[in-house]
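Heavy-atom basis, side chains included; hydrogens, waters and symmetry copies ignored. Labels below follow one simple rule: chain letters A, B, ... track the order of the sequence lines, proteins then strands, and each chain is numbered from 1.
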There are 2 protein chains.
Amino acid sequence: MINTLRALLKQKGYSLTKPRLIVFGVLAGKEPQTMAEIIGLTANKIDRATVYRTIELFEQAGIAHRLNIGFKYKIELTEVFNGHHHHLHCTACGRTFPLPANPMLETMIDTVASKADFAPRGHQLEIYGLCQNCSKPS
Amino acid sequence: MINTLRALLKQKGYSLTKPRLIVFGVLAGKEPQTMAEIIGLTANKIDRATVYRTIELFEQAGIAHRLNIGFKYKIELTEVFNGHHHHLHCTACGRTFPLPANPMLETMIDTVASKADFAPRGHQLEIYGLCQNCSKPS
DNA sequence: CAGTATTTGCAAATTTGTCGCAATAATCTA
DNA sequence: TAGATTATTGCGACAAATTTGCAAATACTG
Ligand SMILES: [Mn+2]
Ligand SMILES: [Mn+2]
Ligand SMILES: [Zn+2]
Ligand SMILES: [Zn+2]
């Protein structure tokens with residue numbers, strides 16, 4: 001994991017610094033996080049400006065990417081680390097759950113795009129609704 | 001169209017005001033717009049704060065919703081007005097093309113979500129790649 | 001049309017994101 | 001491993017985006 005991080009950084013000529021490791025640590029193995037969350041979780045260690053710069057750099061290096069979710073966007077590590085997946089966003093509690101990619105669905109998405117004379121290279125699917133917990137009868 | 005707008009507003013107890021009609025007019029039958037664009041197009045008629053309040057209210061009333069295009073978000077009328085569709089984003093020329101919803105794909109998306117114990121209420125699919133024009137051999 | 005509740009504009013505040021620059025930390029080579 | 005060379009950070013000041021309180025204006029009801 002850290003080796004992949006180091007490799008992706010090196011590929012772009014970026015160095016592996018302490019702040020970058022800290023931000024990576026905040027993202028690894030967690031739900032996608034808002035900027036405010038990342039800034040909050042690192043507040044005593046890294047300056048806000050550095051967090052913004054780090055996330056932008058992570059995006060350019062293919063280490064992290066942003067999910068646009070309704071009002072806020074959230075950051076997560078790319079599929080290099082997490083595998084390709086989609087997201088379920090609970091409109092009640094605000095949590096974001098990963099939805100492992102289904103090969104048949106993936107194929108269909110590419111097919112639909114191709115039939116519209118479009119050459120698909122990637123996609124993002126965000127599903128909104130109620131998570132198991134929030135749809136329980138009260 | 002205006003009748004639908006009026007109905008959706010009334011359903012929530014909101015009134016049909018001049019500023020709301022103006023914002024609706026800016027969105028109707030156009031490409032999704034950024035906040036900056038909407039604010040710009042209405043600058044001489046409506047205050048910025050009112051635009052923000054109107055868009056939020058439109059979202060709550062199911063009149064408009066935020067669309068996730070790369071870094072900035074854009075606003076478009078909901079499927080009540082536009083029909084349900086997805087988007088093809090050309091990474092070469094930057095254009096956004098509507099992709100009419102395919103019933104089989106829609107079903108599969110709901111199914112996949114349900115199987116993950118999630119109650120789907122809507123979704124957003126953004127496909128990135130090359131449009132017909134940009135994938136032509138040069 | 002008057003009465004009542006909602007909505008607007010305005011100005012100020014807050015929140016979010018950006019920038020320049022001197023100090024610091026990482027990398028590279030010997 | 002030290003020293004030279006770059007890249008990166010923190011800080012503080014900015015700039016942009018969004019929110020808020022409140023008095024005045026507007027829409028809705030009957
Ligand atoms: Mn994810
Ligand atoms: Mn659209
Ligand atoms: Zn939930
Ligand atoms: Zn194109």
Side-chain angles (χ1 to χ4, degrees), chain A residues 2-27 32-75 94, chain B residues 2-27 32-61 63-75:
Chain A
I2 299 285
N3 285 342
T4 309
L5 172 64
R6 174 172 265 118
L8 287 173
L9 285 172
K10 192 151 210 174
Q11 211 165 45
K12 289 270 182 174
Y14 302 140
S15 34
L16 179 52
T17 68
K18 218 174 194 180
R20 285 170 194 172
L21 263 173
I22 293 173
V23 171
F24 184 81
V26 165
L27 294 174
Q33 322 253 345
T34 63
M35 273 291 176
E37 286 167 341
I38 300 173
I39 290 169
L41 286 169
T42 59
N44 44 351
K45 313 203 156 195
I46 319 174
D47 186 77
R48 242 183 29 232
T50 302
V51 174
Y52 281 110
R53 287 186 282 226
T54 300
I55 294 300
E56 192 194 338
L57 181 147
F58 276 10
E59 288 185 294
Q60 303 211 330
I63 292 163
H65 68 123
R66 66 177 74 186
L67 302 177
N68 281 78
I69 301 166
F71 282 50
K72 302 252 167 194
Y73 61 81
K74 295 184 177 180
I75 310 289
Chain B
I2 299 285
N3 285 341
T4 309
L5 171 65
R6 174 172 267 118
L8 287 172
L9 285 172
K10 193 150 208 173
Q11 210 164 47
K12 289 268 181 177
Y14 302 140
S15 35
L16 178 53
T17 67
K18 220 175 197 176
R20 287 171 191 170
L21 263 173
I22 294 173
V23 171
F24 184 82
V26 165
L27 295 173
Q33 321 252 346
T34 64
M35 273 292 176
E37 285 167 341
I38 300 172
I39 290 169
L41 286 169
T42 59
N44 43 352
K45 313 203 155 193
I46 319 176
D47 187 76
R48 264 197 339 273
T50 301
V51 175
Y52 281 109
R53 287 186 282 226
T54 300
I55 295 299
E56 192 193 337
L57 182 147
F58 275 11
E59 288 185 295
Q60 303 211 330
I63 293 164
H65 69 120
R66 294 184 190 217
L67 180 65
N68 315 314
I69 299 175
F71 282 31
K72 298 250 167 197
Y73 64 80
K74 296 185 176 181
I75 311 290

Novice: Rounded to whole angstroms, how far apart are CG on Leu21(B) and P on dT26(D)?
Specialist: 15 Å
Novice: Holding to side chain to side chain contact (heavy atoms under 4.5 Å, CB included), I want the full list of residues that pass it with His65(B), two or more places apart in sequence or in another chain.
Specialist: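 Side chain to side chain contact (heavy atoms under 4.5 Å, CB included) check on His65(B) returns Glu76(B), Thr78(B), Gln124(B).
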Novice: dT9(D) phosphate, OP1 or OP2: any side-chain N/O from Thr17(A) under 4.0 angstrom?
Specialist: yes
Novice: How many Å lie between CG on Asn44(B) and P on dG9(C), as a whole number?
Specialist: 12 Å
Novice: Which atom names give the shortest non-hydrogen contact between Arg20(A) and Phe58(A), and what distance separates them?
Specialist: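 Taking Arg20(A) first and Phe58(A) second, the nearest heavy atoms are O-CZ, 3.5 Å.
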Novice: For the residue pair Pro19(A) and Thr50(A), what are the closest heavy atoms and their distance?
Specialist: CB-CG2, 4.0 Å
Novice: Any protein N or O atoms within reach of nucleotides 17-22 of chain C? Criterion: under 3.5 Å, listing atom names and distances.
Specialist:
residue : atom : partner  : partner atom : Å
dG17(C) : OP1  : Tyr73(A) : OH           : 3.1
dG17(C) : OP2  : Tyr52(A) : OH           : 2.4
dG17(C) : O5'  : Tyr52(A) : OH           : 3.3
dG17(C) : O6   : Arg48(A) : NH2          : 2.8
dG20(C) : O6   : Arg53(A) : NH1          : 3.4

Novice: With a 4.5 Å limit on heavy-atom distance, are the side chains of Leu21(B) and Leu5(B) in contact?
Specialist: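 A side-chain contact under 4.5 Å exists here.
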Novice: Tell me: CZ of Arg20(A) to C1' of dT9(D), nearest whole Å?
Specialist: 9 Å
Novice: Determine the minimum heavy-atom distance between Gln33(B) and Leu27(B), stating which atoms define it.
Specialist: CG-CD2, 4.0 Å
Novice: Expressed as a whole number of angstroms, how long is the span from Phe58(B):CZ to dT7(C):P?
Specialist: 12 Å
Novice: Using whole Å, report how far CZ of Phe24(A) lies from P of dT8(D).
Specialist: 17 Å
Novice: Could you tell me which non-hydrogen atom of Gly62(A) sits nearest to which non-hydrogen atom of Leu8(A), and how far apart they are?
Specialist: O-CD1, 3.9 Å
Novice: Ile55(A) CD1 to dT16(C) P: how many Å, rounded?
Specialist: 15 Å
Novice: In whole Å, what is the span from the NZ atom of Lys12(A) to the P atom of dA7(D)?
Specialist: 16 Å
Novice: State the CD1-OG1 distance between Ile75(B) and Thr54(B), to the nearest 0.5 angstrom.
Specialist: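 Those atoms lie 11.5 Å apart.
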Novice: Looking at dT7(C), dG9(C), dT8(D), which one has an atom nearest to any side-chain atom of Thr50(B)?
Specialist: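 Minimum distance to the Thr50(B) side chain belongs to dG9(C).
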Novice: Using the C1' atoms of five pairs at each end, what's the angle between the two axes of the helix from dC1(C)-dG30(D) to dA30(C)-dT1(D), to 10 degrees?
Specialist: 60°
Novice: Tell me whether Thr42(A) contacts the main-chain N or O of Lys45(A) through its side chain, where contact means a donor paired with an acceptor under 3.5 Å.
Specialist: no
Novice: Measure from NZ on Lys45(B) to P on dC10(C) and round the result to the nearest Å.
Specialist: 15 Å
Novice: So Leu57(B) and Leu9(B), do their side chains get closer than 4.5 Å, heavy atoms only?
Specialist: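 Of all side-chain heavy-atom pairs linking Leu57(B) with Leu9(B), at least one is under 4.5 Å.
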Novice: Do the side-chain N or O atoms of Ser15(A) get closer than 4.0 angstrom to the phosphate oxygens (OP1, OP2) of dA7(D)?
Specialist: no
